[in-house]
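Inspection log for the structure reproduced underneath, given as structure tokens.
Just so we're on the same page: letters track the sequence lines, and every chain starts at 1. All values below were derived from every heavy atom in this structure, side-chain atoms included, with hydrogens, water molecules and symmetry-related copies excluded.
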Amino acid sequence: MVKNVEIARVFANIAKILSIKEENKFKIRAYEQVAATIENLPMEVETIYRAGKLKEIPGVGEAIAKKIGELIETGKLEYYENLKQTIPSGVLELLNVPEVGPRKAKLFYEKLGIDSITKLEEAALRHQLQNLPGMGKKAEENILRGIELYKKREERKLLGVALPIAEEIVDQLKSLREVNQISIAGSLRRRKETIGDIDILITSKKPEIVMNKFINLPQVKEVLAEGLTKSAILTHQDIQADLRVVAPDSFGAALQYFTGSKAHNIRLREMAVKEGLKINEYGVFRVSDEQKIAGKEEQEIYNILGLPMIMPELREDRGEFEAALNHQLPQLVNLEDLKGDFHVHTRDSDGFNTMEEILGAAREKGYQYIAITDHSQSLHIAGGLDEQRVLEQIRRIDEINQNISDFQVLKGIEVDIKSDGTLDLSNNILQKLDLVIAAIHSGFKQERTQLMERLTKAMRNPFVNIIAHPTGRVIGYREAYDIDMQEIIRLAAQTNTALEINASPERMDLNDIYVKSAKEQGVLLAIGSDAHQIHALDYMTYGIAIARRGWLEKGNLLNTLSLDDLKARLKKKLKN
DNA sequence: GCCGTTTTCGGCCCGACTGTTTTCAGTCG
């Protein structure tokens with residue numbers, strides 16, 4: 001099985017090599033685009049290939065379809081292998097350094113034999129770069145700074161890390177009289193699971209005061225750039241934050257432009273061109289007389305093209321334009337729609353707080369219910385519950401529930417799906433609970449067939465309501481285990497099992513792409529904070545981010561049901 | 001290399017900034 005990410009990487013690398021070789025830039029873009037498309041595909045390319053439908057993937061034509069076929073059949077691509085002979089992989093790495101693009105990478109490699117970032121740094125320190133054609137003293141200094149920046153912020157940051165910092169910064173800037181409008185933009189506004197940097201837009205009549213405040217915020221570790229229209233800082237967490245000042249009558253256009261995504265913006269502008277319009281970060285202009293006809297409000301940009309406003313989370317060119325044209329954009333679910341949390345741990349297993357503390361916090365959030373789902377016995381390391389302790393917990397929860405009327409604690413468990421595919425607790429115990437979530441915590445490296453068998457068995461169990469963190473990935477630490485997600489989604493639909501959106505920032509599992517796919521096949525999703533302490537109950541924000549990016553409406557989420565409806569829905573599984 | 005309500009060739013999003021130039025190339029978002 002050749003994974004999508006592997007195919008995508010091959011095409012992305014082809015694009016990079018071709019760019020260094022100064023090939024036709026539209027050919028390069030074709031490879032870049034198809035790489036991005038494949039990376040975002042909810043289905044396995046291999047499955048599509050077996051069905052003979054490769055060319056239905058946007059951006060895949062005759063030539064690329066043939067290459068995909070070769071990759072799948074032989075595990076290799078001759079065209080790519082030959083290309084790699086001409087440019088060492090270290091030269092491609094140079095492209096990751098800010099200030100270094102394909103032309104400079106080529107220049108450094110051809111003139112000085114530089115084929116790694118280490119060698120680039122050495123050459124810059126020895127001032128060998130500044131004498132190259134088109135280079136100079138300043139350019140060399142900039143490259144050294146680029147290398148420093150590259151070392152500091154190599155990887156993308158988790159949404160759960162970046163968003164709170166960005167909101168803190170926005171709050172402090174907002175307190176200034178001199179700030180009129182202010183908004184987060186970029187991938188952070190689209191709530192991507194990881195972000196590159198923080199983008200903030202403002203309008204102000206006195207930018208110098210705002211900029212001064214910005215570069216002196218307590219969050220600032222280093223000032224990277226300072227100006228009246230744009231400043232950039234590095235926070236103590238090594239996240240770059242850019243602040244831009246734009247004109248009030250361009251704020252909407254700038255916000256649209258800086259929110260992206262790039263693919264979304266390209267589609268939008270292509271549509272505009274066909275209407276005799278031009279869109280840039282200053283506004284919408286008629287081509288005929290260069291008259292500006294919109295720009296103050298973001299919504300106008302869409303409306304002028306005959307589209308309703310497209311919410312930032314949808315702006316990935318994943319069908320939002322088609323949906324908008326057909327008036328079929330989803331009414332996205334909101335945080336306020338959530339009536340409860342399905343995945344919480346207490347001190348009884350590996351959580352930090354007592355059940356009582358958690359229930360207090362949940363009521364404060366305005367929830368109607370919360371499920372206590374501690375680990376089961378085989379997870380020794382987490383103090384998992386055996387049958388006796390589950391029964392004990394059930395008794396305590398019944399007691400608590402007797403004393404409250406406007407809220408209910410749901411008796412739950414996060415039962416382990418063991419390596420052999422059996423569940424860690426007997427059905428006899430599981431049936432006494434209100435809600436069972438099942439999850440894999442061991443045997444991540446098993447063969448696909450074995451993993452699929454484990455999950456299939458769990459979903460077919462009449463008492464399992466939710467599969468927790470279905471792919472098992474931990475961003476930056478652990479790859480998803482080898483499962484056929486489309487098959488899991490199909491089984492979930494068939495068995496009336498919900499799939500979890502685990503809102504823990506390093507998990508974010510399911511991700512937006514699979515969530516959208518699950519929705520399309522009628523599968524219910526269930527957001528769980530997976531909180532191990534009270535403050536982590538707030539992770540639901542990130543769960544909602546995924547839900548919205550996965551096009552979910554209120555009706556697609558188990559968490560939006562009232563307590564009565566929820567209980568009825570949970571029983572429905574048994575009738576299968 | 002892809003794509004088509006300006007279809008099988010000729011297009012393919014838009015602009016700012018920087019540093020090196022002497023009118024522009026390269027990089028970035």
Any chance you could list the contact pattern along nucleotides 16-21 of chain B? Use B for base contacts, S for sugar-phosphate-only contacts and - for none, protein heavy atoms under 4.0 Å, 5' to 3'.
S--SS-
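- Protein atom CG of A:L107 is 9 Å distant from nucleotide atom P of B:dT27, rounded to whole Å.
- If you check every strand for non-hydrogen atoms under 4.0 Å, A:K25 touches nothing.
- Judged as a salt bridge (charged side-chain N to carboxylate O under 4.0 Å, His left out), the pairs with a partner in residues 95-107 of chain A (not counting sequence neighbours) are, in order, A:E22-A:R103, A:E22-A:K106.
- Taking only side-chain nitrogens and oxygens, A:N265 never comes nearer than 4.0 Å to OP1 or OP2 of B:dC13.
- Nucleotides B:dC9 and B:dC24 have their C1' atoms positioned 31 Å apart, rounded to a whole Å.
- Scanning for salt bridge (charged side-chain N to carboxylate O under 4.0 Å, His left out) contacts around A:E487 gives A:R490, with sequence neighbours left out.
- Rounding to whole angstrom units, OH of residue A:Y150 and P of B:dT27 are separated by 17 Å.
- Annotation: ring pair (Phe, Tyr, Trp, His ring centres under 6.0 Å) contacts involving residues 221-273 of chain A, sequence neighbours excluded, comprise A:H264-A:Y302, A:H264-A:F321.
- Donor-acceptor pairing under 3.5 Å is recorded for the side chains of A:Y80 and A:N13.
- In this structure a side-chain-to-backbone donor-acceptor pair under 3.5 Å is missing from A:R244 to A:D199.
- Applying the 90° cutoff around 0 to the glycosidic angle, B:dT21 is assigned anti.
- Comparing the P positions of B:dC28 and B:dT20 gives a spacing of 16 Å, expressed to the nearest Å.
- Distance check on atom P: B:dG26 versus B:dT21 gives 12 Å, rounded to whole Å.
- Rounded to whole angstrom, the span from the NZ atom of A:K66 across to the C1' atom of B:dC2 amounts to 17 Å.
- One atom, CG of A:L243, and another, C1' of B:dG29, lie 16 Å apart when rounded to the nearest Å.
- A:E193 and A:R473 are joined by a salt bridge, as a carboxylate oxygen and a charged side-chain nitrogen come within less than 4.0 angstrom of each other.
- The nearest heavy atom of DNA chain B to A:R244 and to A:L277 marks one nucleotide each, and the one closer to the 5' end goes with A:L277.
- A:E313 meets the salt bridge (charged side-chain N to carboxylate O under 4.0 Å, His left out) test with A:R548; sequence neighbours excluded.
- Taking every heavy atom of residues 26-51 of chain A and every atom of DNA chain B, pairs under 4.0 Å involve A:F26, A:K27, A:R29, A:A30, A:Y31, by number.
- When the C1' atom is compared between B:dT22 and B:dG15, the two are found 23 Å apart, to the nearest whole Å.
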Protein-nucleotides 3-7 of chain B N/O pairs under 3.5 Å:
{"unit_1": "B:dC3", "atom_1": "OP1", "unit_2": "A:G59", "atom_2": "N", "d": "2.8"}

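- Partners of A:R126 by side-chain contact (heavy atoms from CB on, under 4.5 Å), not counting sequence neighbours, listed by chain and number: A:E122, A:Q128.
- Annotation: B:dG11 and B:dT7 have their P atoms spaced 12 Å apart (nearest Å).
- Rounded to the nearest Å, the gap between the C1' atom of B:dC13 and that of B:dG29 is 13 Å.
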So which protein nitrogen or oxygen atoms get under 3.5 Å of nucleotides 24-26 of chain B's nitrogens or oxygens?
{"unit_1": "B:dG26", "atom_1": "OP1", "unit_2": "A:R103", "atom_2": "NH1", "d": "3.3"}
{"unit_1": "B:dG26", "atom_1": "OP2", "unit_2": "A:R103", "atom_2": "NH1", "d": "2.4"}

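- A side-chain hydrogen bond (donor to acceptor under 3.5 Å, both in side chains) check over residues 213-226 of chain A, counting only residues at least two apart or in different chains, returns the pairs A:K152-A:E222, A:E168-A:Q219, A:Q172-A:Q219, A:N212-A:N216, A:K221-A:D238.
- Atom-to-atom, NZ of A:K278 to C1' of B:dC12 comes out at 17 Å; the value is rounded to the nearest Å.
- Electrostatic pairing of A:R318 and A:E520 does not count as a salt bridge here, judged by no charged N lying under 4.0 Å from a carboxylate O.
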List the steps, then state whether side chain to side chain contact (heavy atoms under 4.5 Å, CB included) holds for A:T235 with A:V220.
CA-CA 5 Å; A:T235 72; A:V220 175; over 6 Å; no
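- The distance between atom CD1 of A:I266 and atom C1' of B:dG15, rounded to the nearest whole Å, is 13 Å.
- Using the Watson-Crick or G-U wobble rule with both distances under 3.5 Å, B:dT8 pairs with nothing in any strand shown.
- The salt bridge (charged side-chain N to carboxylate O under 4.0 Å, His left out) contacts involving residues 8-17 of chain A comprise nothing, where partners must be two or more places apart or lie in separate chains.
- Look at A:R315 and A:E298 and you find a salt bridge, because one of the NZ, NE, NH1 or NH2 atoms lies within 4.0 Å of a carboxylate O, short of that distance.
- Here salt bridge (charged side-chain N to carboxylate O under 4.0 Å, His left out) pairs that include residues 48-57 of chain A, with residues two or more places apart or in two chains, are A:E46-A:R50, A:R50-A:E73, A:K55-A:E62.
- Heavy atoms of A:I279 sit under 4.0 angstrom from primed sugar atoms or phosphate atoms, though from no base atom.
- Nucleotides B:dC17 and B:dC12 are separated by 25 Å at their C1' atoms, to the nearest Å.
- Between the CG atom of A:N280 and the C1' atom of B:dC13 there is a distance of 11 Å, given to the nearest Å.
- Under a 4.0 Å N-O distance rule, the pair A:R549/A:E316 qualifies as a salt bridge.
- Rounded to an integer number of Å, the gap from A:R189 CZ to B:dG29 C1' is 16 Å.
- Taking atom C1' on both nucleotides, B:dT8 is separated from B:dG1 by 15 Å, rounded to a whole Å.
- Using a 4.0 Å heavy-atom cutoff across all strands shown, A:K67 reaches sugar-phosphate atoms only and no base atom.
- One finds a salt bridge joining A:R267 and A:E322 here, because a Lys/Arg side-chain nitrogen approaches an Asp/Glu carboxylate oxygen to under 4.0 Å.
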